[in-house]
Amino acid sequence: MEHLDTRGREVGPDVEGLDIDGLAAEAEQAVAHASSTAALAQLETEYLGKRSALTRAHRTLGGLDPEARKEAGRRLHEVRAHLVAGLGTRRAELAAAERAASLRADRLDLTEVVPEDVRSAAARGHLHLVTQARAELEDVFVGMGFTVAEGPEAETDWYNFEALNIPPAHPARGMWDTMYLDLGEPETVLLRTHTSPVQIHLMEEAVRAGTLPIHAVMPGKCFRLDTPDARHLPVFNQIEGLVVDRGITFGDLAGTIQVFTEAYFGPGMESRLRPGYFPFTEPSAEFEITCTLCLGEGCRTCSHSGWIELGGCGMVDPAVFDAVGVDATEWSGFAFGFGIDRLAQMRHAVPDMRSFLENDIRFLTQF
Ligand code: DAH
């Protein structure tokens, strides 16, 4: 009979040559010190597998006499059962520890607060300068008691011109050349050249619904066949104002423009009206404000006058009231309109308006 040592190596003739207690103690130690379930699997093969000392000792039992075989068999079984139980316990411990460690490693803390310096380093966008200017203007006018309204960007000839007292072939059409749309409609449709047609929509609605008076501002995009240069873009933004009420005078217009000028540009900024011409207002004026660059001292931008022109205004022409069915003997009103892009350009001393559309991030991020 072979004699086996604890590793199953042949050292002697029979099972009695195997140090069974030593093997049990050694295996127990090894299991206790195993540091992973993978190491444990190796120990299992080593101590209980087909080629292990225990298994090989089992095979030698047949050569023993019945009494010795029974005793040795019982002892081998005992050691094996003890080892199997020990492996099971240790495996459960190690598996739990391994699972906890992997959960810790995979943990995603959704409540984590990103530190301010990391957050501000991330690229975050903001509203375009012109959009900011539009929002500020709306705020100022809402603060003065105006409501905000919008109208379509494509208009019929009636809204953009005729109802505003600009009949076909009127010379004033020349300063509002634009893009005409061929939609197969009987009426002429065009991209609006100013926000003034929204006045017509508002008055028509108010007459229909019987909701006069009107105190509204109307911001939005406008289009003209202008070649882009430092002060012109073919697509730009205006804000229109319209007040229709009983007993409205030119004084109300002048006062409203002055209050707006100070509210938007700051205290001490002044406005003035100069005679002008628009087909839809009578009388008409161009309004100017203290030059934002030199504060009235006189500079190149204001041609040394101390003033810069902002927009047009005037008392609503009775012909416009007629076109929309407002009774001009009961109601009177004023209107004004000016460019938002132009305003933003002046306020921030932007040398060339084309910068607004060039999408140069170095320009845009300054505002
Ligand atoms: N619609 C004019 C333009 O685009 C600006 C304007 C002038 C608007 C006088 C008005 C106004 O409401 O009364 O040039």
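Residues: numbered from 1 along the sequence shown.
At a threshold of 4.5 Å between non-hydrogen side-chain atoms, the residues Cys302 and Ile308 count as touching. Using a 4.5 Å cut-off on side-chain heavy atoms (C-beta onward), Met179 and Arg224 make no contact. Side-chain atoms of Leu242 and Val244, non-hydrogen and from C-beta on, do get closer than 4.5 Å to each other.
Environment of CD in Gln42: sparse, with no more than 12 heavy atoms of neighbouring residues, nucleotides or ligands closer than 6.0 Å. The local environment of CD in Gln366 is crowded, with over 12 non-hydrogen atoms from other residues, nucleotides or ligands closer than 6.0 Å. Surrounding NE2 of His170 are more than 12 heavy atoms belonging to other residues, nucleotides or ligands, all under 6.0 Å away.
Interatomic distance, CD1 of Ile239 versus CD1 of Ile340, reported as 5.0 Å (0.5 Å rounding).
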Inset, instruction - For the pair Phe280 and His194, evaluate ring-ring contact (aromatic ring centres under 6.0 Å, His included) and give the outcome as yes or no after the intermediate values. - result: CA-CA 12 Å; Phe280 34 90; His194 49 178; 5.7 Å; yes
Inset, instruction - Check the pair Glu93, Arg90 against salt bridge (charged side-chain N to carboxylate O under 4.0 Å, His left out), reporting the backbone distance first and the verdict last. - result: CA-CA 5 Å; Glu93 274 171 27; Arg90 184 69 185 139; 2.6 Å; yes
Inset, instruction - I would like to know whether Arg354 and Asp229 meet salt bridge (charged side-chain N to carboxylate O under 4.0 Å, His left out); could you show each step before the answer? - result: CA-CA 7 Å; Arg354 287 170 290 195; Asp229 65 23; over 6 Å; no
Inset, instruction - Carefully, step by step, assess Arg51 and Glu46 under the rule salt bridge (charged side-chain N to carboxylate O under 4.0 Å, His left out). - result: CA-CA 8 Å; Arg51 302 182 57 206; Glu46 189 176 329; over 6 Å; no
Inset, instruction - Please test Ile289 against Glu270 for side-chain contact (heavy atoms from CB on, under 4.5 Å), starting from the C-alpha separation and ending with a verdict. - result: CA-CA 6 Å; Ile289 60 161; Glu270 282 190 77; over 6 Å; no
Inset, instruction - Take Arg80 and Leu48, measure what side-chain contact (heavy atoms from CB on, under 4.5 Å) needs, and give me the verdict at the end. - result: CA-CA 7 Å; Arg80 176 176 283 272; Leu48 300 173; 3.8 Å; yes
Legend entry - side-chain contact (heavy atoms from CB on, under 4.5 Å) evaluation trace for Ser355 with Asp360: CA-CA 7 Å; Ser355 315; Asp360 186 332; over 6 Å; no
Inset, instruction - Would you please test Asn160 and Leu190 for side-chain contact (heavy atoms from CB on, under 4.5 Å) and show each step? - result: CA-CA 8 Å; Asn160 195 78; Leu190 50 99; 3.6 Å; yes
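Distance alone, capped at 3.5 Å, places no donor-acceptor pair between the Thr281 side chain and the Met315 backbone. Checked by atom type and distance alone, the side chain of Asp226 never pairs as donor or acceptor with a backbone atom of Pro228 at under 3.5 Å. Checked by atom type and distance alone, the side chain of Thr178 pairs as donor or acceptor with a backbone atom of Leu191 at under 3.5 Å. Under a 3.5 Å cut-off, the side chain of Glu297 and the backbone N or O of His304 do not form any donor-acceptor pair. In this structure, the side chain of Glu162 does not engage the main chain of Pro167 through any donor-acceptor pair within 3.5 Å. Counting only distance, with no hydrogens or angles, the side chain of Gln258 and the backbone of Ser271 share a donor-acceptor pair below 3.5 Å. A side-chain donor-acceptor contact under 3.5 Å links Gln345 to the backbone of Ala230. Without hydrogens or angle criteria, Ser305 side chain to Trp307 main chain gives a donor-acceptor distance under 3.5 Å. Using a distance-only test at 3.5 Å, with no hydrogens or angles considered, no donor-acceptor pair links the side chain of Thr195 to the main chain of Pro219. Here the side chain of Asn237 pairs no donor or acceptor atom with the backbone of Cys222 at under 3.5 angstrom.
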Return a table of donor-acceptor pairs under 3.5 angstrom between the side chains of residues 144-153 and protein atoms on other chains or two or more places apart.
residue : atom : partner : partner atom : Å
Thr147  : OG1  : His215  : O            : 3.2
Glu150  : OE2  : Arg134  : NH2          : 2.9

Show every donor-acceptor pair shorter than 3.5 Å between a side-chain atom in residues 62-70 and any protein atom, with sequence neighbours excluded, or say none if there are none.
residue : atom : partner : partner atom : Å
Asp65   : OD1  : Glu67   : N            : 3.3
Asp65   : OD1  : Ala68   : N            : 3.0

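Ring orientation note: the planes of Phe287 and Phe336 are nearly perpendicular, at an angle over 60° on the 30°/60° scale. In this structure, Phe367 and His348 have perpendicular ring planes: the angle between them is above 60°, well past the 30° mark.
Under 4.0 Å is where a charged nitrogen must lie from a carboxylate oxygen, and between Asp157 and Arg173 at least one such pair does. Glu78 has a carboxylate O that lies under 4.0 Å from a charged side-chain N of Arg74, or vice versa, which qualifies the two as a salt bridge. Between Glu155 and Arg192 there is no salt bridge, since no side-chain nitrogen of the basic residue lies less than 4.0 Å from a carboxylate oxygen of the acidic one. Between Glu309 and Arg342 no salt bridge is recorded (no basic side-chain N to carboxylate O distance below 4.0 Å).
Inspection of the Tyr47 and Glu28 side chains reveals no N or O donor paired with an N or O acceptor under 3.5 Å. In summary, the side chains of Thr290 and Arg272 do not present any donor paired with an acceptor at a separation below 3.5 Å, with no hydrogens or angles considered. Thr37 and Glu98 share a side-chain donor-acceptor pair at under 3.5 Å.
Residues Val235 and Tyr180 do not share a hydrophobic cluster, defined by chaining ILVMFWY side chains whose heavy atoms lie under 4.5 Å apart. Following chains of ILVMFWY side-chain contacts shorter than 4.5 Å, one can reach Phe250 starting from Val259, so the two form part of one hydrophobic cluster. Cluster annotation: Met353 is not connected to Leu127 through the hydrophobic network of ILVMFWY side chains, with a link wherever side-chain heavy atoms come within less than 4.5 Å. In this structure, Leu310 is a member of the same hydrophobic cluster as Ile257, with clusters built from ILVMFWY side-chain heavy atoms closer than 4.5 Å. Hydrophobic clustering of Ile, Leu, Val, Met, Phe, Trp and Tyr side chains at less than 4.5 Å, counting indirect connections, keeps Val189 apart from Trp158.
Residues Leu129 and Phe356 come closest through the heavy atom pair CD2-CE2, 3.7 Å. In plain terms, the two heavy atoms of Ala39 and Ala34 that are nearest each other are CB-CB, 4.4 Å. Scanning both residues, Ala328 and Phe321, for their nearest heavy atoms gives CB-CD1, 4.0 Å. Across all their heavy atoms, Arg347 and Tyr264 have their closest contact at NH1-CZ, 2.8 Å. Scanning both residues, Gly49 and Thr55, for their nearest heavy atoms gives O-OG1, 2.7 Å. Annotation for Val31 and Gly86: closest pair CG1-O, 3.9 Å, computed over non-hydrogen atoms.
For the salt bridge (Lys or Arg N to Asp or Glu O under 4.0 Å) condition, the pairs that include at least one residue of residues 235-263, sequence neighbours left out, are Arg246-Glu330.
Two rings, from Phe223 and Phe236, have their centers 6.0 Å or more apart. Ring pair Phe260/Phe141: centre-to-centre distance below 6.0 Å.
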